[in-house]
2 protein chains.
Amino acid sequence: MSPAAETEAPWARRPKRADGRRNYDAILEAARVAFANRGTGASLEDIAKAAGVAIGTLYGHFPTRETLVEASVREQLDQLDQAATTLTEEDGDALGALTAWVRLAVEHCSTYRGLASFLAGSAHTAGAPLHHTGVIVHKAVAPLLAKAKEAGRIRTDVTAEELYAVITAAAWTRENSPEQVDHSVRLLAFVTEGMAPQAG
Amino acid sequence: MSPAAETEAPWARRPKRADGRRNYDAILEAARVAFANRGTGASLEDIAKAAGVAIGTLYGHFPTRETLVEASVREQLDQLDQAATTLTEEDGDALGALTAWVRLAVEHCSTYRGLASFLAGSAHTAGAPLHHTGVIVHKAVAPLLAKAKEAGRIRTDVTAEELYAVITAAAWTRENSPEQVDHSVRLLAFVTEGMAPQAG
DNA sequence: CCTCGAATGGAGGTAACCTCCCCCCTCGAG
DNA sequence: CTCGAGGGGGGAGGTTACCTCCATTCGAGG
């Protein structure tokens, strides 16, 4: 986090000129609304229209759909990261802390319909805007996972990678569940049990 | 399965005229290739072209993408159904039979990239071509599930519905896993453990 | 051979993606 | 305050894919 050597992402940097920033923010806000209503596949031209901006402007700020999706969830991601830190520092139930965080992560990964697919798709593609997201999640879980292992509450062979796969799968299930019956809850419950040591 | 009272699907019935059947088959074959290469989102116009047929002809036989997807996996589905019957009749490890079938189902549900999403999407939409698929899967697991419960090898509160959610989630994970590292295997392992009685 | 209607072809309307490039407006230097 | 540079904006238009529609063709049964 050295402020000088900041390796900032080359895509979707908030512009320096005032009008640029105004449009950037308007697009982002419109995108959040559109993604919430129609999923990550929402029409970019509609988003531009809703933001009161031409399509070229949108592409100027966000060269691909993925960069726009990434930007629209970045804040939530930071919260998730902080939550992990908080939960790690708390004393007490190490397994509870881990599962609580996982539930939180699932919720965030299913903010928009289609988000889970984006995340899974770029998880193994270095350089993708949302790959960055996956990396942060990995770093965030690591301490929680380690603590749960030390406490003997979880198998020692469970990796952060696997946990990420579980999280995205649960998020996807949540997106695809019918109203009022979130199957991801049960899925997570089963997986949690299955990750306990000597379960077999 | 009464041959007279056959409630056949109104979509994508194999046509009676010879030229119609020829085209129907050609389209289906081209679709299988295209879906295998590009996923269920493959261009329908390309499929028509590959089948040596005009786009209107394709739509004549398969009014929606979903009907085409359904038709292209129907045979596999029947095999899956039969496998369930066979495994149910076998004596021996009831849990093993169930998990073996589940693994088979996951494989079939991830035949094409995007298939899992189609299945999950229409799972709760009565009337959808692929809803039919979900129903058959439900019927197929029921006996296997019952047997495993009787043998005390699985929690009695696990429903076929939940199992279907697990299967599609695992299939989706498989589709999204990087080459050579199929995370769905581990996911299934965890879930299986978690479904055991008195695991907690 | 003839008739009926199933099956076909493919033009064309619609929607969304994305690029390109001219023009304008902001901002900082003078 | 003025002015010049260039970052930023606009939006037309090429491209691809979806899906519909209907005049025409052709197969099957009589």
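So that the names make sense, note that chain A is the first sequence line, chain B the second, and so on, each numbered from 1.
Salt-bridge formation is detected for the pair Glu29(B)/Arg32(B): a Lys NZ or Arg NE/NH1/NH2 atom is positioned less than 4.0 Å from an Asp or Glu carboxylate oxygen. Salt-bridge annotation for Arg155(B) and Glu162(B): absent, with no side-chain N of the basic residue lying under 4.0 Å from a carboxylate O of the acidic one.
In this structure, Tyr59(A) places its OH atom 8 Å from C1' of dA16(C), rounding to the nearest Å. In this structure, Glu66(A) places its CD atom 16 Å from C1' of dC17(C), rounding to the nearest Å. Following rounding to the nearest Å, Asp25(B) (CG) and dA7(C) (C1') show an atom-to-atom distance of 15 Å. With rounding to whole Å, Ile55(B) atom CD1 is found 11 Å from dA17(D) atom P.
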Open item on the list: Protein within reach of the bases, or only the backbone? For nucleotides 25-30 of chain D, mark each nucleotide 5' to 3' as B, S or -, using heavy atoms under 4.0 Å.
Closed with: -BSS--
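The phosphate of dA6(C) has neither OP1 nor OP2 within less than 4.0 Å of any side-chain N or O from His61(B). Regarding contacts with the backbone of dA7(C), every side-chain N or O of Asn23(B) stays at 4.0 angstrom or more from both OP1 and OP2. Residue Ser43(B) has a polar side-chain atom (N or O) positioned under 4.0 Å from OP1 or OP2 of dC18(D). For dA7(C), the OP1/OP2 oxygens have no side-chain nitrogen or oxygen of Thr57(B) closer than 4.0 Å.
Thr111(A) places none of its side-chain heavy atoms less than 4.5 Å from the side chain of Phe35(A). The side-chain heavy atoms of Leu44(B) and Tyr59(B), taken from C-beta on, include a pair separated by under 4.5 Å.
Within 4.0 Å of Gly20(A), counting heavy atoms only, lie sugar-phosphate atoms of the nucleic acid but no base atom.
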